Amino acid sequence: MKYWINIYRAHLKIGTAIMFQYRFAVLIWAVWGFVGPLLGLAVWSAASSSHGGNITGPQGATFTDRDFAAYFLVFMIVSHLTMSWDAFEFAFRVRDGNLSPRLLKPIHPIHGDLATNLAFKFVTSTMLLPIWALLFYFLKPSLPPPNWTQLLAIPAILIALVLRYIWQYSLALIAFWTTRVEAINQFYFTLDGFLAGRIAPLALLPGWLGVVATYSPFRSMGYFPVELILGRVPSDQILSGFLFQVFWLVVGVGVFRLMWAGGIKQYSAVGA
Amino acid sequence: MAEQPHVLVRDLVKTYRVHEREAGAGASFRSLFKRKYKEVEAVKGVSFQLMPGEVVGFLGPNGAGKTTTLKMLSGLLYPTSGEARVLGFEPWKREAAYLRQLSYVLGNRSQLAWDIPAMDSYLVNQAIYEIPEKQFRETLDELVALLDLEKLLKKPVRGLSLGERMKCELAASLLHRPQVLFLDEPTLGVDVTMQNRIRQFVAEHNRRYNATVLLTSHYMADVTALCKRVIVIHHGKLLYDGDLAALSEKFAPFKQVRLDLQDMASAERAKEFGEVHSQEGTKVTLRLPREKTSSVVARLLAELPVIDLTVEDPAIEEVIDQVFQGVEA
């Protein structure tokens, strides 16, 4: 355990140092994360106004203007805390051979990458905190009164972070077989955005789409913790929400291990 | 008990399957439906072994199979067939216990984080390799002194010159005191002074820790300065494995005699004594068969107005060139 603490501490230090080297670029990337949710908020607020101030989903979930504000602001933060971009970086490394020095280390490259991801979130969250506070102040979201179920959002966000990370890293491993992975990545990110609730709260999705979204792993990567914070998960569905998260995490780890074993063989078969 | 080799390679083969197509849009379109593949045999049954503490030069022209062999030995490549053991491990299983005792310096790849000082990357290596603080400081001090790193450690790596970066890379590779060191063109692109520094440093590391070193380099000075033994590989096959000095005798059975003569007429006459290797005015270099060298030299001294005469082995570059030309022929 001490070994892993040391490893992550060392990686977090250099990850943070790198982030500070490029603080403006990092801040721009972080602020870019506002665009999607704020756009969603604008569109749904307009739609809600034209429907008499609220919109009701097929299962009866209702969202007012201020509910949408709460949803998209909380989604913005959860999304920031769980985001990952390794699929793109990994493909570059495979293509230009820079994966090789990492494979010579007696530790899996995922640890260094995950630590860098955490460093990004640490640095940018500190920068974004005042901006988030201002947005909450001006948009006046309707948040539920504090309650114990909101505390469950902390483990839910942690699982979502690891879940999204392992799934994206598995996707990144496709680069072992084809180095032109941009189209696949783009398709995945579109699915992720749609089924994790970036475009609309899943409760508003129509019929079969809502069912697909409910059972897909993307719900567990973002939407579930957001629902917990907003108090929109019925208490008898909290446990199943966590079980879904754990299930998709186990599947993700399994897929990752299989793909890594096969990918490394492939990488070293064609010339590392 | 007899000492076990650090590196043992037996009939190692690596064949790549390479996608092949003609240039042009038509060929590109056809390759969408029908792909042609070609088998490229990069390494064809190479065998050798290295004992603990040996420093061995691994020589061959571009595309000979040197880097492919090193990549198999460091676990980056799976072989097509054959066997290899390094420190008792099968390299391509990439066990952590093996990788902890190994370093593979790739001249054209960096293990250092680009945007921050090298020292930060060293601290990550300290954590990864679990180097105790005292040992880390001692090794680092040695490396700083030997490679003159003091001023470099605080600069971001991207701001270093190629030679400076190479020194920092070497230090990063040696902090954990590896038992086996694969050096692939470690002096690539660095100036002569820096090359000397790096050579001294590798020799010192080998002496202090009895590390086994396998070195490839296009600079023969690296090989002559560090290696008593060389392994020569060409077209994936092993051509020679033995003493560097004996390589000359085997593949270049001649000596070079450098003559400085008094006049041009004598220089012209000198050509009758052997094959002319080069001539610059009254300075003539002859190639003579080894067994005849002493008698021809005696005749040269007796019959020509010689100002200066030296007898030497051909430069190792020429010997190697001779080896490869012999194979091509």
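Since the structure is predicted, the reported quantities are computational estimates derived from the model, not experimental observations. In what follows, chains are A, B, ... by sequence order, proteins preceding strands, each numbered from 1.
Of the inter-residue distances, the one linking B:Y78 atom OH with A:I264 atom CD1 reads 8.0 Å to the nearest 0.5 angstrom. In this structure, B:L99 CG and A:L103 CG are separated by 9.0 Å, a value rounded to the nearest 0.5 Å. In this structure, CG on A:L104 lies 6.5 Å from CG on B:L102, to the nearest 0.5 angstrom. Annotation: the span from B:Q126 atom CD to A:I7 atom CD1 amounts to 10.5 Å, rounded to 0.5 Å.
By the neighbour-count criterion of 12 heavy atoms within 6.0 Å, atom CZ of B:R10 is sparsely surrounded, having that number or fewer from other residues, nucleotides or ligands. Within a 6.0 Å sphere centred on CZ of A:F122, other residues, nucleotides and ligands contribute 12 heavy atoms or fewer. The environment of CD in B:E133 is crowded: more than 12 heavy-atom neighbours from other residues, nucleotides or ligands sit within 6.0 Å. Remark: B:K237 NZ is loosely packed, at most 12 non-hydrogen atoms of other residues, nucleotides or ligands lying under 6.0 Å away.
Taking each heavy atom of B:A127 and A:A10 in turn, the nearest pair found is CB-CB, 3.9 Å.
At a threshold of 4.5 Å between non-hydrogen side-chain atoms, the residues B:I128 and A:H11 count as touching.
Residue contact with chain A, scored on non-hydrogen atoms closer than 4.5 Å, involves the side chain of B:R94 exclusively. Heavy atoms closer than 4.5 Å to chain B are found in both the backbone and the side chain of A:K105. Contact annotation for B:I116: only side-chain heavy atoms (C-beta onward) come within less than 4.5 Å of a heavy atom of chain A.
Among B:T67, B:N125, B:V40, the residue making the largest number of heavy-atom pairs under 4.5 Å with chain A is B:N125.
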